[in-house]
Number of protein chains: 2
Amino acid sequence: MNPTIKDVAKMANVSIATVSLVVHNHKRISQETKDKVLNAIEQLNYHPSHSARGLVRRNSGNVGFVLTDDHFLRTEPFYTHIFIGSEFEAHENELYVLLTTINSDFNSSNKLPRFILERNIDGLIIAGKVPFPFIEQISKYNFPIIFVDYSPCAKKYSGVLVDNIQGGELATEHLIKSGHERIAFIGGDIEHPSIKDRLNGYKNSFEKFGLKLNDSLIEIEEDYPGRTNGYNAAERLFTKNKDITAIFSCNDAMAVGAMQYMKDNGIKIPDDCSIIGFDDVVSDNAIEPALSTIRVPKMEMGTEAMKLMAHMIKNNLKDNRKVLLPVDLIIRESTKRI
Amino acid sequence: MNPTIKDVAKMANVSIATVSLVVHNHKRISQETKDKVLNAIEQLNYHPSHSARGLVRRNSGNVGFVLTDDHFLRTEPFYTHIFIGSEFEAHENELYVLLTTINSDFNSSNKLPRFILERNIDGLIIAGKVPFPFIEQISKYNFPIIFVDYSPCAKKYSGVLVDNIQGGELATEHLIKSGHERIAFIGGDIEHPSIKDRLNGYKNSFEKFGLKLNDSLIEIEEDYPGRTNGYNAAERLFTKNKDITAIFSCNDAMAVGAMQYMKDNGIKIPDDCSIIGFDDVVSDNAIEPALSTIRVPKMEMGTEAMKLMAHMIKNNLKDNRKVLLPVDLIIRESTKRI
DNA sequence: AATAATAAGTTAAACGTTTAACTAACCGCT
DNA sequence: AGCGGTTAGTTAAACGTTTAACTTATTATT
């Protein structure tokens, strides 16, 4: 059996309360006693029981982490990075993370994740877009909730977001400063706030540099911006518009699809046409040429979310604070000055 | 505050022991009382406290799930599927899953995951190849351990594996039966048991059909079989060997790389050369033509592992039982009869 | 010298379950 | 009437912590 606080107390010749106070390094304990106890703890390799603690503190020490299955299973390791960030920061705050997925078509008749029903979490982190019925259901519970990379009901819930507008501006500005004027935007699922903001950034830069917006340069697919959609968007774009010299894709996946189209149709990258993505998730360098992109600090989103969560839990508060993280321009080989 | 067993007892006019017995549906309770209690539980939306339970049962109700960071962050959603399978099955067994990653170059001076040090798990599932020093460290603890898709110290630990030999045979046989004779194998990290087995399956089929093995048809890269390596392997293969009509790639990622090489060099798939992968992780259909492959039941590996784990935990045993899961041949458009 | 303040610890109750041991009521049998 | 067996519950201890309230010893203040 694992050593308990009693074993430590016996070994150090003090009461169990003293051991507990040392563990929480309470001021009321002398250095001498503290050393004795710490020594015993070390010797026995004692760790407080999570259950016993949870029982008396009336908490679980766990934080739930929810995302939709298709986000989790998506090819690009975007949300997995966010999760790892959270998990890392949870460590620092003595919290455990319980990861689970929900159906991307979650509706009000679906069951909530078990850790919510059983109230086995002290707070919930939700990453990425989730169905509205889910948000509705969890709003009845009163643990703190933090959204990451998505921010519905912004007045009510806290969120960690990325500066998508700035990213859109950065990407577009990079192309404009490289001498491009016929710059297209390709995107999908335009209702998604992040995508919308990236497009807004694109528009801002056009305005800032006195370029005229042109609807035929903006190609938006209905659903999720993946490779196939990127391919299709590029196809339609180049069919009606021969003189494009640069493309800003709303994310890397679509950019890869568009690159495929260009390769298949003899359009040289970046000589005939530059392209820049968003997210920086294309790690596999088999994609040629290396894709310029906007780096999103994925791990950091996770750590920031968990920091916020730990703070809320510790101070027993719920607020709607937002954290906005800056992005970086990463210039690789798919964009070129003309 | 959440309702406790006392609230239920009061509402149903019984003792708390009775409530507990009902919850575990012990035989000693009459149908009448059972109904009363169940009713109260429903009304109050009562769920037993995880902590209180853990305290008295001396367990945590958690299962650890470990993989290396590069496995978790890999582009292909292989291990994520396994995790989801485990998580699902954990649900059925009233267990929670604690996911964490370790460094892929974990060495003996690294710290073990927190849930191990604090003994906050009842068992550990390890997915994919992990560094040996890690295995060495955890061998000191005495919770049950199950390896998934990797099986070191096979006499000691339990494992859930995929029939890689059968898969290799299935893939090769499919090509042979389609009239191919000059069939190449490309792979990487040949020390990995799974890869080695896939190659063995390839060899078996050659033997079975009386084809002569030819070393120049087997191209093996040093390190991890990813896209880049697939591209390189294909390049070397076709440089020394012009008349190949089919390739069996040790996994989908390498196959995609090889396909890229073929496209770049005017080799038509499947007209000039067929190709088949392994794993069935290439979900994005932007890859043209659709890749024939060997489907590995990823979710099922996860569920089987967790079933085994739940069984071991419940019966307080540790054994070295193995579960071997069959694979399926998936014929798409990248392989063709000649 | 008496009193107050501070320091350093201890005692004991509480958290919400589980379960072995006990009780009470009833039944059937001699 | 007395006994054993069965059924359907209840009692109470235990699990390993935390923490408010208490104790005791020492020091400082008047």
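In what follows, chains are A, B, ... by sequence order, proteins preceding strands, each numbered from 1.
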Quiz item: Which part of the nucleic acid does A:S20 contact within heavy-atom distance under 4.0 Å: base, sugar-phosphate only, or nothing?
Solution: base
Quiz item: So does B:R57 get a side-chain nitrogen or oxygen closer than 4.0 Å to the phosphate oxygens (OP1/OP2) of C:dT18?
Solution: yes
Exercise. Please work out if A:S30 contacts a base, only the sugar-phosphate, or nothing of the nucleic acid, heavy-atom cut-off 4.0 Å.
Key: sugar-phosphate
Quiz item: Between D:dC15, C:dT18, C:dG9, which nucleotide has the shortest distance from any of its atoms to the side chain of A:K6?
Solution: D:dC15
Quiz item: Quick one: which of C:dT18, C:dG16, C:dT10 gets closest to the side chain of A:L55?
Solution: C:dG16
Quiz item: Taking CZ from B:R58 and P from D:dA14, how many angstroms apart are they, rounded to a whole number?
Solution: 11 Å
Quiz item: When all nucleic acid strands are considered with a 4.0 Å heavy-atom cut-off, which category describes A:S49: base, sugar-phosphate, or nothing?
Solution: sugar-phosphate
Quiz item: Just checking, is any N or O donor in the side chain of A:D122 or A:S60 under 3.5 Å from an acceptor N or O on the other one?
Solution: yes
Self-check item: Sugar-phosphate only, base, or nothing, as touched by A:T4 at under 4.0 Å among non-hydrogen atoms
Solution: sugar-phosphate
Exercise. Would you kindly compare B:S15 and A:A17 by the position of their nearest DNA chain D nucleotide and give the one closer to the 5′ end?
Key: B:S15
Quiz item: Whole Å only: how far is the CD1 atom of A:I29 from the P atom of D:dT18?
Solution: 13 Å
Quiz prompt | Spacing of B:L21 atom CG relative to C:dA20 atom C1', expressed in whole Å | solution = 11 Å
Quiz item: Roughly, in whole Å, what's the span from NE2 in B:H50 to C1' in C:dC15?
Solution: 16 Å
Quiz item: Do B:S104 side-chain atoms and B:D70 backbone N/O form a donor-acceptor pair below 3.5 Å?
Solution: no
Quiz item: When the distance from CD1 of B:I16 to P of D:dC15 is rounded to whole Å, what number comes out?
Solution: 16 Å
Self-check item: A:R119 to A:Y141 six-membered ring, cation-pi geometry met (6.0 Å, 45°)
Solution: no
Practice problem: Provide, to the nearest angstrom, the distance between the CG atom belonging to A:N2 and the P atom belonging to D:dT17. | Solution: 9 Å
Practice problem: Calculate the interatomic distance between B:N59 atom CG and D:dG16 atom C1'; express it in whole Å. | Solution: 14 Å
Exercise. May I ask you to decide if the ring planes of A:Y96 and A:H50 are parallel, tilted or perpendicular, using 30° and 60° as cut-offs?
Key: perpendicular
Quiz prompt | B:T18 or A:R53, whichever maps to the more 5' nucleotide of DNA chain D | solution = B:T18
Exercise. Please work out if B:S51 contacts a base, only the sugar-phosphate, or nothing of the nucleic acid, heavy-atom cut-off 4.0 Å.
Key: nothing
Quiz item: Which part of the nucleic acid, if any, lies within reach of B:H47 when heavy atoms closer than 4.0 Å are counted: base, sugar-phosphate only, or nothing?
Solution: sugar-phosphate
Quiz item: D:dT17 P sits how many Å from B:R119 CZ, rounded?
Solution: 12 Å
Quiz item: With under 30° as parallel and over 60° as perpendicular, where do the rings of A:H192 and A:Y150 fit, or are they tilted in between?
Solution: tilted
